[in-house]
Amino acid sequence: MSIRTRFAPSPTGFLHIGGVRTALFNWLLTRRHGGQFVLRIDDTDIERNRPEALQPIIEGFRWLGLNWDEGPEVGGPYGPYFQSQRLDLYKEAAYALVAKGHAYPCLATKEELEAERKASEAAKKPYVHRGKLRDVSVEEAQEILARESAAIRLRVPLGRTVRIRDHIRGEVEWQTDLIGDPVLLRPDGRALYNFATVVDDVAMRITHVIRAAEHLSNTPVQVLIYEALGEKLPEFAHVPVVNEPGSKKKLSKRDMKKFVTPEVRAKLRAIGWTDEEIDAKDDLNPATVAYYRELGYLPQALVNYLGRLGWSMDDRSEIIPLEQMIASFSLDRVNDAPASFDPDKLYWLAGEYMRQLPLEERTRGVIPYLVRARLIRESPDQATVDRIRQIVEACGDRLKLFSDILPYGAFFFRDPEYDPAALQKRVHKPGMPELLSAFAEVLRHTEPFTVPVLEEKLREFCERKGVKSGDMIHALRVSTTGVTVGPGIFDCLAILGKEAVLERIAKALAMKPEN
RNA sequence: GCCCCCAUCGUCUAGGGGCCUAGGACAUAGCCCUCUCAAGGCUAAGACAGGGGUUCGAAUCCCCUUGGGGGCACCA
């Protein structure tokens with residue numbers, strides 16, 4: 001039988017980084033063994049669900065290249081793949097369990113349960129709920145259900161040990177005496193997570209349940225439900241959670257605003273986001289996939305990073321192309337311990353993938369950032385694209401993210417924004433204005449205006465004047481680009497062109513120092 | 001409080017009794033290269049949580065302690 005895994009996100013409006021990591025492991029296992037990866041939307045929480053909240057999840061998966069064999073937009077033989085459309089199935093299953101004597105009605109009110117819980121706490125005893133009607137006959141149970149709106153609870157068998165063999169945790173066991181009878185169905189007929197999940201996993205023939213470790217404690221209840229249903233248990237694998245950067249705390253789905261640190265905010269602003277826009281979007285922070293997409297990370301880098309977070313291929317591989325990851329993925333090389341998300345390492349990986357990307361694709365990837373920054377217009381003409389390509393090439397390894405085009409290349413498209421300190425230090429220093437003017441004259445007569453010729457002219461000039469080429473280069477850089485960092489100066493000059501270069505030098509020289 | 005899980009450099013990890021004076025990677029620091037930055041090269045610093053066993057031998061197996069995490073819902 002082929003492997004079937006699933007990922008069941010709630011449509012919350014964003015794709016969480018920890019969730020994707022879990023999804024990736026599910027996906028990898030099926031790609032490795034030729035099974036099916038199912039995307040099932042857990043949208044039973046009707047109040048909070050907006051249909052458009054699904055889009056970021058779908059788009060995130062698409063962007064990452066994690067395709068699903070069954071689920072939204074692609075369908076499949078075990079649909080529907082929205083839990084909100086499967087409500088009758090849960091109801092049916094719950095009533096079937098009542099008929100088999102595995103479940104029973106519960107009339108307890110919230111207040112009663114709360115009081116019970118408090119009492120256990122006061123008595124320092126573990127809170128284990130057993131319904132009053134736990135032992136009524138099947139007939140009586142059905143009668144009550146027909147007559148009143150009651151919740152349905154599973155009758156947890158007493159005095160037993162539930163044992164699973166988790167692919168990552170090994171053997172784990174629980175005493176059923178410590179497991180309260182869980183509610184399967186609310187009085188209004190809506191299923192609870194633990195029940196709906198099992199019913200769906202059974203119906204969808206899921207063979208491997210690979211999920212976050214926080215679900216480990218749900219597992220005994222679910223195992224009991226499988227048993228009551230008379231179904232075979234799937235394989236379980238509980239992957240360690242992903243922790244916040246520099247922390248031992250789980251990377252939470254709640255309160256993600258705290259990840260919008262001043263640095264993060266600065267990064268987003270640098271690529272054209274306003275504070276209002278940042279605050280208005282709840283999926284724009286480092287805990288979501290959308291954030292990395294927005295900043296121009298390569299999806300393959302993110303996949304590689306996430307794949308290596310809690311899993312390793314061997315003792316040294318870090319850059320693992322997807323094909324290789326698929327070929328070598330296995331659950332037993334997933335680590336037991338939680339892993340902290342490390343933005344630095346992801347950034348490094350992003351650079352590694354970027355430099356492997358063909359120039360043409362780098363050029364294409366950079367364009368949207370230039371458009372957003374209003375440096376070029378939408379759908380640039382061929383000449384502009386050619387120029388962008390030159391700039392991207394000149395940026396070389398500096399370009400790790402597509403958005404890096406802005407810090408490294410914005411000055412090619414607009415007037416320099418002069419850094420006053422740099423201007424002072426590199427251009428308006430004793431003797432330099434004269435030298436610059438003299439070299440500008442040389443440039444005026446330089447033909448062709450190309451990298452090798454420019455370099456030769458400068459070296460020649462420096463030798464003639466007896467100045468260090470470094471000093472001249474710094475002055476040229478600051479006067480033509482406004483800043484102290486950027487691609488090689490001769491690349492900059494050649495791309496800017498003679499006219500712009502002369503104009504910028506003149507302008508920089510004309511800018512009088514403050515005092 | 002109860003249940004469950006986890007524990008190697010700051011971080012991601014290798015390690016499944018001797019190959020470990022613990023390897024790799026990111027980050028950090030220094031040097032080299034160099035027109036800046038980036039990249040690259042070299043080097044440095046940096047860990048088996050603690051204590052007991054088992055064994056000729058333990059990072060590796062067992063127990064305890066400590067620490068961290070998750071759960072104990074008519075949330076998912």
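Letters A, B, ... are given to chains in the order of the sequence lines, protein chains preceding strands, and every chain is numbered from 1.
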task = Please determine, for the side chain of A:E352, which listed nucleotide (B:A25, B:G40, B:C74) has the closest atom?
result = B:G40
message = Closest approach to the side chain of A:S217, judged atom by atom: which nucleotide of B:C6, B:G70, B:C75 is it?
response = B:G70
message = Can you check the distance between B:U8 and B:G69, where both ends of the measurement are the P atom (answer in whole Å)?
response = 15 Å
message = I'd like the C1' distance from B:A14 over to B:U60, given in whole Å.
response = 13 Å
task = Kindly point out which of B:A76, B:U36, B:C74 is positioned nearest to the side chain of A:N218?
result = B:A76
ask   = Would you say the side chains of A:R211 and A:T219 form a donor-acceptor pair under 3.5 Å?
value = yes
ask   = Given B:U13, B:A7, B:A25, which nucleotide is nearest the side-chain atoms of A:N335?
value = B:U13
request  = For A:I179, answer base if it contacts any base atom (sugar-phosphate contacts may also be present), sugar-phosphate if it contacts only those atoms, and nothing otherwise; contact means non-hydrogen atoms under 4.0 Å.
outcome  = nothing
request  = Name the nucleic acid region contacted by A:R398, choosing base, sugar-phosphate or nothing; use a 4.0 angstrom heavy-atom cut-off, strictly under.
outcome  = base
note = Closest to the side chain of A:K250, out of B:G70, B:A14, B:A76, is B:G70
Listed nucleotide nearest any side-chain atom of A:E318, set B:U13, B:C35, B:G24 = B:G24
query = Among B:C26, B:A76, B:C35, which nucleotide sits nearest the side chain of A:D344?
reply = B:C26
ask   = What is the nucleic acid contact for A:S469, judged by heavy atoms within less than 4.0 Å: base, sugar-phosphate only, or nothing?
value = nothing
task = Name the residue closer to the 5' end of RNA chain B, choosing between A:S340 and A:Q83 according to the nucleotide with the nearest heavy atom.
result = A:S340
inquiry  = What's A:H215 touching, base or sugar-phosphate or nothing? Going by heavy atoms closer than 4.0 Å.
reply    = base
request  = Classify the nucleic acid contact of A:R426 as base, sugar-phosphate or nothing, counting any heavy atom under 4.0 Å across all strands shown.
outcome  = nothing
key: Of the listed nucleotides B:U36, B:G70, B:C74, the one nearest the side chain of A:R153   = B:C74
ask   = How would you list, by chain and number, every residue that makes a side-chain hydrogen bond (donor to acceptor under 3.5 Å, both in side chains) with A:E173, sequence neighbours excluded?
value = A:R163
ask   = Using the P atom in both, what is the distance from B:C3 to B:C19, to the nearest Å?
value = 39 Å
Out of B:C37, B:G10, B:A39, whichever nucleotide has its closest atom nearest the side chain of A:D342 = B:G10
note = Winner on side-chain proximity to A:R355, out of B:C4, B:G40, B:C74, is B:G40
